[in-house]
2 protein chains.
Amino acid sequence: MIRIRSEPRRNLAHEIASQMRRDIISGGFKPGEALAEPALAGRFGVSRAPVREAMIELERAGLVQFETTGRTRVRILEEKDVVEIVEARIALESMGARLAAARWTDEDTRWIERSIAAQEKAASGVKFSELDIAMHEYIMKRGGNERLSTLWQFVRWQFEMALTHIHRLQGKMAPDLRRFSVEGHRKVLTALAAGRPDTAAKVMAQHIKDSIEWYSPK
Amino acid sequence: MIRIRSEPRRNLAHEIASQMRRDIISGGFKPGEALAEPALAGRFGVSRAPVREAMIELERAGLVQFETTGRTRVRILEEKDVVEIVEARIALESMGARLAAARWTDEDTRWIERSIAAQEKAASGVKFSELDIAMHEYIMKRGGNERLSTLWQFVRWQFEMALTHIHRLQGKMAPDLRRFSVEGHRKVLTALAAGRPDTAAKVMAQHIKDSIEWYSPK
DNA sequence: TAGCTGTGAATTGTCGACACTTTACCCCAT
DNA sequence: ATGGGGTAAAGTGTCGACAATTCACAGCTA
């Protein structure tokens, strides 16, 4: 297994940040919703100190925004934000794929093949998205650049948050998207397995660009 | 002028984080040095609460690292880290230049030309580096993607921190680097002014790759 | 009814305190 | 000298408190 960070500081703040992150991404907290520290402290059964620290983590991850008055709200994602998130993904993942291609092994190929197989059998759109993201994460980590992976995590969470709303807005995922997306994954794998950095970067960029257009058809 | 964020939350924590960031980048705190909260609180004349919050900001920016025991130390940058930082810069700035090329105006061209002129007249290597970074920052912001700019800021600070040590290690900056670097800037400007996204991305990547090799000659 | 205003309630920013953990150092045995 | 153990000092994680600020809302005015 691949570990990205040595060990995060294990304290209540980090615990709370992780839980809140999951809740925000899954839509448990709605965009624009105010996050008052006393309420959250009560919810988690702690004092305000760890809650405040958790909010800073979430703000840095872009899931939450501070107002000039000090209030904290769940970040609101608009059309423009989704474009930004995808552009950031392309920037980071192109480089990630480029680096990964130079270090790719047969074991990596097998991992991706298993993932693709699972994607094809995924029972739901949500499950498919999880497998999709997990595969992209694997490639990013495989690139071996911890900073790139860390930056990518931030974008990934914002992307997942956006995905939750797109799903809610558009109902079910377009059925063809999955087939189309898997096709893209196969192309990426081919480039990676061939050890072609330039090709891998280009194919990955195209794959991300393609798949997002299924969500927001212009 | 271009603003990236609406307004940061104005509190002591943010103030302290900014000051500490400057001090760490400039080498006032040495890599590996322990940052004890009581000492910092005394130094800034505040309690530990805002100091703790500032530390979280700095950790997210990668300038500081938490140990599993809770202690905070100034991050130590090794050879491998510099490579990672440069790769991250290439990923982000290629995309930044790509986006900027699509929105470039004559006014932007004039801004860069003024910057290049100043670079040629820069009295010291440090001053040159400042102008260099400022120019790269301008292009990033000009890309119009706030997330990309925010991520870039993190990498930028780490890069500046690394630069401080390289300067200290190698003494003065290689005199030819400046001429060489300015040459790269001119190529970037040409691609931007021509409104060629692909070219701008490629030239920017090459420029960053080139300029770093001057620092760490293999 | 619509808009303004004042007042009470809620929230933030910061502080000092305390228990628990980690570190540093001294002393002793070898 | 050197290494181990124990103890004091220092540091972290969390808490509750308080002043200052912001918000919500009822009541008043036009």
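A note on names: the letters A, B, ... follow the listed sequences, proteins ahead of strands, and every chain is numbered from 1. Remember, it's a predicted structure, so these values are computed and weren't measured experimentally.
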*Asks:* From CD of B:E37 over to P of D:dA10, roughly how many Å is that when rounded to an integer?
*Replies:* 16 Å
*Asks:* Quick test of your reading of the model: are B:E33 and B:R73 salt-bridged, counting only N-O distances below 4.0 Å?
*Replies:* no
*Asks:* Between atom CG in A:N11 and atom P in D:dT12, what is the gap in whole Å?
*Replies:* 12 Å
*Asks:* Indicate yes or no for a side-chain donor-acceptor contact from B:N145 to the backbone of A:E84 under 3.5 Å, with no hydrogens or angles considered.
*Replies:* yes
*Asks:* Between B:E53 (CD) and C:dT12 (C1'), how many Å, whole number?
*Replies:* 11 Å
*Asks:* Picking from C:dT14, C:dT23, D:dC15, which would you name as closest to the side chain of B:R71?
*Replies:* C:dT23
*Asks:* Restricting to side chain to side chain donor-acceptor pair (under 3.5 Å), what partner residues turn up for B:E93, sequence neighbours left out?
*Replies:* B:R89, B:H136, B:W152
*Asks:* Is any side-chain N or O of B:T69 closer than 4.0 Å to OP1 or OP2 of C:dT23?
*Replies:* yes
*Asks:* What is the distance from NE2 of A:H14 to P of D:dT12, rounded to the nearest Å?
*Replies:* 18 Å
*Asks:* Does B:S181 have any side chain to side chain donor-acceptor pair (under 3.5 Å) partners at least two apart in sequence or in another chain, and if so, which?
*Replies:* none
*Asks:* Round to a whole Å and report the spacing from CD1 of B:I56 to P of D:dG13.
*Replies:* 9 Å
*Asks:* Any chance the side chains of A:N11 and A:E15 put a donor and an acceptor closer than 3.5 Å?
*Replies:* no
*Asks:* Can you check the B:F66 CZ to D:dG11 P distance for me, whole Å?
*Replies:* 16 Å
*Asks:* Measure the shortest side-chain to side-chain distance between B:Q158 and B:I25 over non-hydrogen atoms and say whether it is less than 4.5 angstrom.
*Replies:* no
*Asks:* For DNA chain C, determine which residues of residues 38-49 of chain A have any heavy atom closer than 4.0 angstrom to one of its atoms, and list them numerically.
*Replies:* A:P38, A:R48
*Asks:* Round to the nearest Å and state the distance from B:E67 atom CD to C:dT21 atom P.
*Replies:* 18 Å
*Asks:* Starting the side chain at C-beta, find the nucleotide from D:dG13, D:dT12, C:dC15 nearest to B:A36.
*Replies:* D:dT12
*Asks:* Could you state the atom-to-atom distance from CZ of B:R52 to P of C:dC15 in whole Å?
*Replies:* 15 Å
*Asks:* Could you measure the distance from the CD1 atom of B:I139 to the CG atom of B:L192? Nearest 0.5 Å is fine.
*Replies:* 5.0 Å
